[in-house]
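Convention: sequence-line order gives letters A, B, ...; per-chain numbering from 1.
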Amino acid sequence: MPSPDRTRATRTALVPVLAYLLITLALPAVNGAAARPGFAHHAAHVLAACLTVLAAAFVLDLVRHRRSPR
Amino acid sequence: MRLLARAHAHRWRLVGALVALAVVVAGKEYYRTASAEDLRWILAPTAWLVSLVTPGTFTWEAGVGYADLDLRFIIAAPCAGLNFALAAFLALAIGGLRGMTSARTTATRLALAAAAAVAATLVVNTARIALAIATKTGAIPLEGDRDELHRLEGIVVYLGGLCALYALARAVDRRRGHAVA
């Protein structure tokens with residue numbers, strides 16, 4: 001069973017990233033913003049930023065795990 | 001008996017999550033149609049803080065928001081940071097779900113999440129606007145399309161601020177002995 005600390009940074013990043021995606025993309029899309037010009041461009045930037053944050057958190061977990069004594 | 005207590009706690013967590021979602025949906029709807037006058041409760045302290053940390057002096061312009069004509073910069077309704085406030089409230093409420101085990105703890109956690117979200121919005125939004133002013137005045141030399149830069153600044157500052165706020169809330173909760181995620 002992997003220790004929950006192994007994924008702490010990723011789990012910590014996941015909640016705010018999902019909340020941000022819901023507010024900035026999902027709810028506007030439900031309200032019809034997806035059809036507006038520029039939304040796809042904005043969404044691409046938001047998604048790229050979110051993936052970057054999650055990737056950074058994942059790498060941080062990996063580094064921490066490798067450094068921790070087994 | 002223990003099962004009953006657990007079911008009771010789960011019920012309050014569900015209530016907490018539903019209330020948080022309802023607040024977010026209602027808040028989004030409010031922000032969609034809100035004028036600068038409607039948002040003056042958050043624009044005013046934001047303009048005051050921005051005036052403190054930048055060379056700007058922002059004054060109220062009816063129907064527009066807070067403006068500094070010398071800087072040619074307006075803190076208008078879309079700059080209120082309400083999207084950040086809603087995302088912060090939602091993240092903090094979700095992070096606090098484990099502590100929602102009764103009506104009192106659920107109400108307390110939601111109120112704390114709302115207060116922390118508003119306070120964080122003032123800080124993070126001030127930082128974002130100060131950065132935008134610095135970019136516009138050339139204090140921070142950045143090349144490129146101004147609208148695109150403004151958009152990227154918004155995404156980076158808001159998302160970074162949100163992650164930092166959530167990590168801070170988790171650390172505080174852990175220190176107080178409540179697991180939150």
Side-chain angles (χ1 to χ4, degrees), chain A, chain B residues 17 20-33 78 81-98 113 117 120-121 124 145 147-171 173-174 179-181:
Chain A
M1 191 79 173
S3 152
D5 271 3
R6 273 190 194 183
T7 56
R8 179 184 278 185
T10 309
R11 284 184 298 116
T12 301
L14 199 58
V15 174
V17 162
L18 288 179
Y20 188 70
L21 285 174
L22 180 80
I23 301 292
T24 56
L25 296 185
L27 286 179
V30 168
N31 281 328
R36 262 186 242 149
F39 184 84
H41 185 66
H42 176 67
H45 280 129
V46 170
L47 285 172
C50 289
L51 286 175
T52 305
V53 167
L54 290 177
F58 182 71
V59 169
L60 187 67
D61 278 331
L62 274 183
V63 170
R64 269 191 196 152
H65 174 59
R66 287 195 178 173
R67 279 190 183 168
S68 65
R70 292 168 194 229
Chain B
L21 272 177
V23 168
V24 164
V25 171
K28 261 310 248 189
E29 202 53 35
Y30 163 74
Y31 197 27
R32 222 155 56 99
T33 53
L82 223 58
N83 278 337
F84 177 86
L86 292 170
F89 170 72
L90 184 63
L92 293 175
I94 290 171
L97 281 180
R98 275 199 188 169
T121 300
V124 173
D145 183 278
D147 289 340
E148 199 71 6
L149 279 175
H150 193 55
R151 182 207 306 274
L152 289 175
E153 279 165 3
I155 293 171
V156 170
V157 174
Y158 281 153
L159 191 55
L162 199 55
C163 290
L165 173 69
Y166 185 75
L168 181 70
R170 281 208 57 191
D173 243 4
R174 235 180 279 126
V180 290

Item to complete: Work out which heavy atom in A/Pro16 is nearest to a heavy atom in B/Leu162; give both atom names and the distance.
Response: O-CD2, 3.3 Å

Discussion item. Heavy-atom cut-off 4.5 Å, strictly under: side chain, backbone, both or neither for B/Leu82 against chain A?
Written reply: neither

Practice prompt. Find the distance between CG (A/Leu27) and CG (B/Leu86) and round it off to the nearest 0.5 Å.
Written response: 9.0 Å

Worksheet item: With a 4.5 Å heavy-atom cut-off, do B/Ile155 and A/Tyr20 have their side chains touching?
Response: yes

Worksheet item: Does A/Phe58 CZ have over 12 foreign heavy atoms under 6.0 Å away?
Response: no

Discussion item. Tell me if a side-chain donor or acceptor on B/Lys28 pairs with a main-chain N or O of A/Pro28 at a distance below 3.5 Å.
Written reply: no

Worksheet item: Shortest non-hydrogen contact from B/Glu148 to A/His41?
Response: OE2-NE2, 2.8 Å

Discussion item. Given heavy-atom pairs under 4.5 angstrom as the criterion, report whether the side chain, backbone, both or neither of B/Leu152 touches chain A.
Written reply: side chain

Discussion item. What I'd like to find out is whether the side chain of B/Leu159 reaches to under 4.5 Å of the side chain of A/Thr52, using heavy atoms alone.
Written reply: no

Worksheet item: Between A/Val53 and chain B, which part of the residue has a heavy atom less than 4.5 Å away: side chain, backbone, both or neither?
Response: side chain

Worksheet entry | Pairwise distance CZ(A/Arg11) to CZ(B/Arg170) - rounded to 0.5 angstrom | 5.5 Å

Worksheet, complete the sentence: Correct closest heavy-atom pair for B/Tyr166 and A/Thr12 would be CD2-O, 3.1 Å

Worksheet item: In terms of heavy-atom pairs under 4.5 Å with chain B, which of A/Asn31, A/Leu22, A/Leu14 leads?
Response: A/Asn31

